[in-house]
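Written below as structure tokens is the structure these notes are about.
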Amino acid sequence: MLLRFTKMHGLGNDFMVIDLVTQHAQLNPRLIRQWSDRYTGIGFDQLLVVEPPGDPDMDFRYRIYNADGSEVEQCGNGARCFARFVLDKRLTAKTDIRVETAGGPIALIVQDDGQITVNMGPPRFVPAEIPFQAQSEAISYELAVADQILQVAAVSMGNPHCVTLVDDLNVYPVNRLGPLIERHSRFPNGVNAGFMQLIDRHSARLRVFERGVGETRACGTGACAAAVAGIRQGHLTSPVSIELPGGTLQIEWAGPGEPVMMTGPATRVFEGQIRL
Ligand SMILES: N[C@H](CCC[C@H](N)C(=O)O)C(=O)O
């Protein structure tokens, strides 16, 4: 059987997108790892799956798998590609699309200029909801990593994020500390490790060592988590431009209990078919 897919990216964070509304396939971690291989497979950071909704008030269900085959709660760059995909495939004609995800409901708003705004829902800070092991909730925690103590913020955007402020991203050892944070024992489900360099009150640079993937060229939920952490710590003021290696995302957040709004592009690269 041949399975149709579309290769897409959001600022270089790349995806294989599959429509399981009009197609049927049984996915498993081994198959996903095989497909994600950049030499012997299709190659991607995440696999995005479009399904019919379980909740009749929603338009679709959105399932996300990392390159290592693990299913995760949320993917921000993927959400923008999801919106572009369902419109291009005529699975909907709406430009305000409601989607259920394992990390909670999100809304995708397709702008006239082709940019896509995602209502990512409110960030969560309660340690047990991230999850993160801590005595009590705080805007900053001490985290022992290798031979040093880092000051970190812990935020959930549906998926877990650990954000550290650094002075110079050009020289910071992201690929040495990233894996140690990703698998740190205080994050029982693992964590996406964000490293943020402040530029001014409305902008910052960010690199993210993603859970289940490694460093990616962009991370949408990571940009949301970093902006929220910076606002909460008094370093940033909404709206915030987050400059990632693959490009810039616009983040808005009005404060605790309010949703995070993320705006950016979604790009289709090619169509393909793969034999199951
Ligand atoms: N690696 C993430 C999922 C993808 C997030 C990222 N690609 C985004 O755009 O938000 C995790 O394990 O939670």
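Start at 1 and go down the list; that is how both ligands and their atoms are numbered.
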Exercise. Can you tell me the protein heavy atom closest to atom 5 (C) of ligand 1 and the distance?
Worked result: Glu210 OE1, 3.5 Å
Exercise. Which atoms of ligand 1 have any heavy atom of Asn77 under 4.0 Å away?
Worked result: 8 (C), 9 (O)
For this session: Closest by any non-hydrogen atom to atom 13 (O) of ligand 1: pick that one out of Val72, Leu249, Asn192.
Result: Asn192
Exercise. Is the NZ or CZ atom of Arg98 positioned over Phe60's six-membered ring, under 6.0 angstrom from the centre and within 45° of the axis?
Worked result: no
Exercise. Nearest protein heavy-atom contact for atom 10 (O) of ligand 1: which residue, which atom, what distance?
Worked result: Thr221 OG1, 2.6 Å
Exercise. Which of the numbered atoms in ligand 1 are below 4.0 angstrom from a heavy atom of Gly76?
Worked result: 8 (C), 9 (O), 10 (O)
For this session: State whether the shortest distance between N or O atoms of Gln74 and N or O atoms of ligand 1 falls below 3.5 angstrom.
Result: no
Exercise. Given Asp14, which of Gln46, Lys7, His9 fulfils the side chain to side chain donor-acceptor pair (under 3.5 Å) condition?
Worked result: Lys7
Problem set entry | side chain to side chain contact (heavy atoms under 4.5 Å, CB included) between Ile18 and Gln23, worked out | CA-CA 8 Å; Ile18 300 177; Gln23 300 182 111; 4.1 Å; yes
Exercise. Taking the inter-plane angle between the rings of Phe132 and Tyr141 on a 0 to 90° scale, is it parallel (under 30°), tilted (30 to 60°) or perpendicular (over 60°)?
Worked result: perpendicular
For this session: Would you check whether Cys219 has a nitrogen or oxygen atom less than 3.5 angstrom from a nitrogen or oxygen atom of ligand 1?
Result: no
Seminar exercise, completed: With Arg211 as partner, the option from Glu71, Glu73, Glu182 fulfilling salt bridge (Lys or Arg N to Asp or Glu O under 4.0 Å) is Glu73
Exercise. Between Glu271 and Lys89, is the closest basic N to carboxylate O distance under 4.0 Å?
Worked result: yes
Exercise. Is the count of non-hydrogen atoms from other residues, nucleotides or ligands lying under 6.0 Å from Asn28 atom CG greater than 12?
Worked result: yes
For this session: Could you check atom 9 (O) of ligand 1 against the protein and tell me its nearest heavy-atom contact, residue, atom and distance included?
Result: Gly220 N, 2.8 Å
For this session: Measure Asn66 to ligand 1 on non-hydrogen atoms and call it side chain, backbone, both or neither using the 4.0 Å cut-off.
Result: side chain
Problem set entry | Residue, atom name and distance, where the atom is the protein heavy atom closest to atom 7 (N) of ligand 1 | Asn13 OD1, 2.8 Å
